[in-house]
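Let me begin by presenting the structure, written as structure tokens, before commenting on it.
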Amino acid sequence: MKLSVTTWNINSVRLRLDLVARHAAEVQPDVICLQETKCPNDRFPLKALKALGYEHIAFHGQKGYHGVATLSRLPFSATESMSFCGKDDARHLAVTFGPGAGAASGISIHNYYVPAGGDIPDPELNPRFAHKLAFLDELMRWSDRARPTATPSILVGDLNIAPYESDVWNHRALLNVVSHTPVETTRLEEWRQAAGYVDAVRHLTPEPEPVFTWWSYRSPDWAAANKGRRLDHVWLAPSLVPTLKGATVSKAARGWERPSDHAPVTVTLEL
DNA sequence: ATGGTTGTCATACAA
């Protein structure tokens with residue numbers, strides 16, 4: 001069976017319900033993982049999203065900031081959210097599908113929103129950058145504990161790091177810009193390898209082909225300038241890699257009316 | 001080197 005999964009930093013789910021609806025209609029993913037819902041749980045637009053065909057929804061939000069949600073056409077059997085660095089930020093949500101989802105032992109999907117890290121790439125001067133590095137260190141320790149897992153898993157989300165040279169519009173210019181500094185990109189690679197995942201987008205579109213998923217609101221002509229970064233990722237357990245049939249960035253969504261600054265990334269598996 | 005935009009919540013702050 002086919003399983004398609006979208007990850008999208010929506011930058012307020014209430015403000016952009018119509019964009020979620022449009023993406024759902026055009027791409028028809030089975031699962032949509034959203035980040036930056038910016039919505040407390042008691043204000044989450046559950047009915048409107050169910051009406052799009054996603055009857056099974058897990059959400060974990062807070063007032064004003066962060067927030068993740070996973071929308072699914074297929075039922076899932078368990079949900080879990082982890083907290084990091086002793087904070088109760090809503091930055092993670094996992095759902096587990098039973099064997100009916102295609103894989104014999106079921107599939108888990110982890111949905112992450114990694115801290116952006118502020119502007120100054122120095123943990124001594126910038127507590128938000130220190131928090132980002134500590135968050136990644138904690139993920140690394142968690143990965144070591146969690147392996148090996150019984151159910152194959154998919155990890156998606158806004159990881160707020162562009163790890164490779166062709167994940168940014170200008171590698172040299174961004175080496176000291178938060179999201180592409182070596183201390184971040186090294187940690188991201190170490191985390192991915194420690195957790196045993198394969199980068200799905202780069203598996204199908206290797207370097208040096210540029211791939212971007214985010215374009216700043218501050219760029220007046222974002223499409224022409226194309227000063228993008230690949231901040232949004234889909235990682236697959238090795239056992240799922242042979243099932244990977246496609247990975248697409250819906251760049252057009254960045255040009256829709258009142259867009260998120262992130263574009264949806266969708267992978268399709270044939271299980 | 002600097003400033004550029006957006007969302008939330010209601011005045012800065014985070015991204």
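Protein chains get the first letters and strands the later ones, always in sequence-line order, with residue 1 at the start of each. Side chains are part of it too, since the values below use all heavy atoms of this structure and drop only hydrogens, waters and symmetry mates.
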Flag, side chain of A:Y217 to backbone of A:D261, donor-acceptor distance under 3.5 Å: yes
Side-chain donor or acceptor of A:Y164 paired with backbone N/O of A:P206 under 3.5 Å: no
I need the [atom1]-[atom2] distance between [X] and [N], as an integer number of Å.
X	N	atom1	atom2	value
A:L159	B:dA15	CG	P	15 Å
A:D261	B:dA14	CG	P	17 Å
A:I120	B:dA1	CD1	C1'	14 Å

Using the [atom1] atom as the point on both nucleotides, what is the distance between [M] and [N], in whole Å?
N	M	atom1	result
B:dT2	B:dT6	P	23 Å
B:dA12	B:dA1	C1'	25 Å
B:dA14	B:dC9	P	14 Å

Distance-only side-chain donor-acceptor flag, A:N160 / A:S179, under 3.5 Å: no
Protein proximity profile, nucleotides 3-13 of chain B - base contact B, sugar-phosphate-only contact S, no contact -, cut-off 4.0 Å on heavy atoms: -BBSSSS----
Carboxylate-amine/guanidinium contact A:D89 A:K87, below 4.0 Å: no
Salt bridge present between A:E190 and A:R187 (N-O < 4.0 angstrom): no
Verdict with reasoning, A:R202 to A:S166, per side-chain hydrogen bond (donor to acceptor under 3.5 Å, both in side chains): CA-CA 10 Å; A:R202 281 301 178 201; A:S166 45; 3.3 Å; yes
Positions of residues 177-187 of chain A (non-hydrogen atom under 4.0 Å from DNA chain B), listed by number: none
Partner of A:L3 by side chain to side chain contact (heavy atoms under 4.5 Å, CB included), out of A:L74, A:T268, A:L240: A:L74
Given A:Q35, A:H92, A:H60, the one that forms side chain to side chain donor-acceptor pair (under 3.5 Å) with A:N111: A:Q35
Sugar-phosphate only, base, or nothing, as touched by A:H262 at under 4.0 Å among non-hydrogen atoms: nothing
